[in-house]
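Here the structure is laid out as structure tokens; the discussion comes afterwards.
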Amino acid sequence: MQNNFMKISPKETIKTRDEAITADNNDPLASARAAFALPKDVTYLVGHSLGPPHRAALERLNICATESWAKGLVGSWNSAGWFDLATKLGGKLAGLIGAEPDEVIVTDTVSVNLFKLAASTLPLSKGTRQICVDAEEFPTDQYIAQAFADLTGVSCRRVKPGEDFDALADGGIYIKSAVNYRSGERVDMKAYEQAAEKSGALILWDLSHAAGVLALDMKAAGAKLATGCTYKYLNGGPGAPSFIYAQKDMLSQLHSPLPGWMGHAAPFAFNGQYVPREDAARFASGTPPILSLSALEGALEAFDNVEMKALEAKAGALGDLCIARAEAIRLDVMSPREASSRGGHISLKVKNGYPVTRALHAKGFQSDFRTPDTIRFGFSPLYLRYVDVWDLMEVLAEILETKSWDTPEFHQRSKVT
Ligand SMILES: Cc1ncc(COP(=O)(O)O)c(C=O)c1O
């Protein structure tokens with residue numbers, strides 16, 4: 001696959017459906033789509049929530065279940081490489097976020113990992129004993145920050161929009177998303193790290209909406225600690241485990257509050273004294289979910305020979321097209337206009353947004369809704385086309401124009417929105 005990407009933003013160039021098709025014909029990433037097992041007649045715009053299956057993920061999962069587990073049984077911990085799978089995948093993921101292989105481990109959930117990171121960094125942070133979290137942050141990050149504060153006695157500071165740098169100047173720990181789940185706004189990680197450096201604050205980055213779609217560079221940003229989902233743009237599957245990144249220089253000082261046997265330097269020595277591994281795998285705790293890891297292993301093949309910069313550029317261009325069409329029909333765009341200030345999704349503020357997403361779904365366009373009024377479209381560049389965005393916005397315009405969303409069926413709330 002070629003690594004060059006479109007230099008002209010479709011915001012300026014795509015004015016018709018035919019032009020969208022031409023953009024697809026010129027798209028160097030176009031061939032990646034065939035490797036995804038997407039249902040026919042579905043335009044999938046929810047890769048920022050749950051990525052679809054890559055064929056290699058389904059294959060690996062099947063082999064893991066029917067061969068390694070069913071036939072290899074317990075011996076597969078050695079023969080199928082199960083024991084090292086979480087570190088192996090951490091190493092592969094490191095390449096996608098600009099980190100060293102031994103700085104990343106795949107383990108647990110973002111919620112659990114935020115807690116582990118907070119506990120291990122508190123003794124190293126300087127300044128005010130506080131854990132900061134944005135008042136607009138994804139709820140689980142807020143819950144963990146509050147529970148951590150309650151347990152440790154540090155204060156939990158809810159940071160209002162625009163006050164990030166004031167909070168950073170006071171030190172402590174700061175949980176921060178690189179891309180906000182609701183607005184899609186991307187922050188300048190380097191600027192935050194430079195501010196943190198001055199006060200001795202430590203930032204725990206949540207990369208859930210950034211990993212797998214943006215050209216992240218932990219080293220260049222000076223980022224020290226992070227976690228993130230693998231079930232979104234990394235397409236690891238429902239409930240796929242999260243990852244932890246910890247900068248090499250800090251590793252020896254980081255002590256997980258959940259020092260389970262899988263993070264021990266020699267788990268099969270069965271020694272009662274805990275000795276952590278030297279690499280990021282010191283953050284592993286219990287036995288890893290091998291079936292999920294096997295799916296993730298296949299999913300990560302989608303990124304082989306793909307430049308993250310090319311993915312970021314295409315996600316930005318798809319988003320630009322969406323914004324241009326949204327503005328043409330006078331919709332309220334919540335996401336930043338500049339592609340460089342966004343992650344992979346675009347959020348629109350739409351009155352009656354929930355029934356509108358249901359009406360879109362009925363027409364084959366899957367999106368999601370965040371209460372009270374946010375419709376999100378995720379533009380995963382590996383399988384979405386410019387023509388998909390064009391058609392989406394045409395259908396959305398029609399649904400709004402005809403009010404076809406206003407039926408009792410579409411108003412019926414599902415558990416997951
Ligand atoms: C920004 C962000 N952080 C964390 C999570 C949830 O992480 P987990 O379920 O792995 O704890 C999500 C889920 O959508 C998210 O959007």
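Every heavy atom of this structure was used, including side-chain atoms; hydrogens, water molecules and symmetry mates were not. Quick caveat: nothing in here was measured; it's all calculated off a predicted structure. Both ligands and their constituent atoms are indexed starting at 1 by order of listing.
- Ranking the protein heavy atoms by distance from atom 14 (O) of ligand 1 puts K232 NZ, 2.6 Å first.
- Atoms of ligand 1 found under 4.0 Å from any heavy atom of H209, numbered from 1 in the order shown, are 1 (C), 16 (O).
- Applying the 6.0 Å contact sphere to CD of Q253 captures more than 12 heavy atoms from other residues, nucleotides or ligands.
- For the residues Y181, Y231, Y143, the heavy atom positioned nearest atom 6 (C) of ligand 1 is part of Y231.
- The heavy atom nearest to atom 10 (O) of ligand 1, out of those in T140, V110, V112, is found in V110.
- Atom CZ of R55 has more than 12 heavy atoms from other residues, nucleotides or ligands within 6.0 Å.
- Within 6.0 Å of CH2 on W77 lie more than 12 heavy atoms contributed by other residues, nucleotides or ligands.
- Not a single N or O atom of S242, backbone or side chain, sits closer than 3.5 Å to an N or O atom of ligand 1.
- For Y44 and F365, the ring centers are positioned 6.0 Å apart or more.
- Close approach to S177 involves these atoms of ligand 1, each under 4.0 Å from a residue heavy atom: 1 (C).
- Proximity of the aromatic rings of H264 and Y274 is defined here by a centroid distance below 6.0 angstrom, and this criterion is met.
- By the criterion of a heavy-atom distance under 4.0 Å, neither the backbone nor the side chain of E137 is placed next to ligand 1.
- Residue contacts with ligand 1, taken as heavy atom pairs separated by less than 4.0 Å, do not involve F243 at all.
- Between W261 and F268, the ring centre distance stays below 6.0 Å.
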Q. side-chain hydrogen bond (donor to acceptor under 3.5 Å, both in side chains) between S242 and T227: does it pass, once the steps are laid out?
A. CA-CA 7 Å; S242 152; T227 180; 3.0 Å; yes

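- The ligand atoms of ligand 1 that sit less than 4.0 angstrom from a heavy atom of S111 are 8 (P), 11 (O).
- Within ligand 1, counting atoms from 1 as listed, the ones closer than 4.0 Å to a heavy atom of D141 are 3 (N), 4 (C).
- Short contacts between ligand 1 and D206, defined as distances under 4.0 Å to a heavy atom of the residue, involve ligand atoms 1 (C), 2 (C), 3 (N), 4 (C).
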Q) What's the verdict on salt bridge (charged side-chain N to carboxylate O under 4.0 Å, His left out) for E394 and R325, showing C-alpha distance, side-chain angles and the deciding distance? A) CA-CA 8 Å; E394 293 288 288; R325 301 308 301 154; 3.6 Å; yes

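- Looking from atom 5 (C) of ligand 1 to the surrounding protein, the closest heavy atom is F138 CE2, 3.5 Å.
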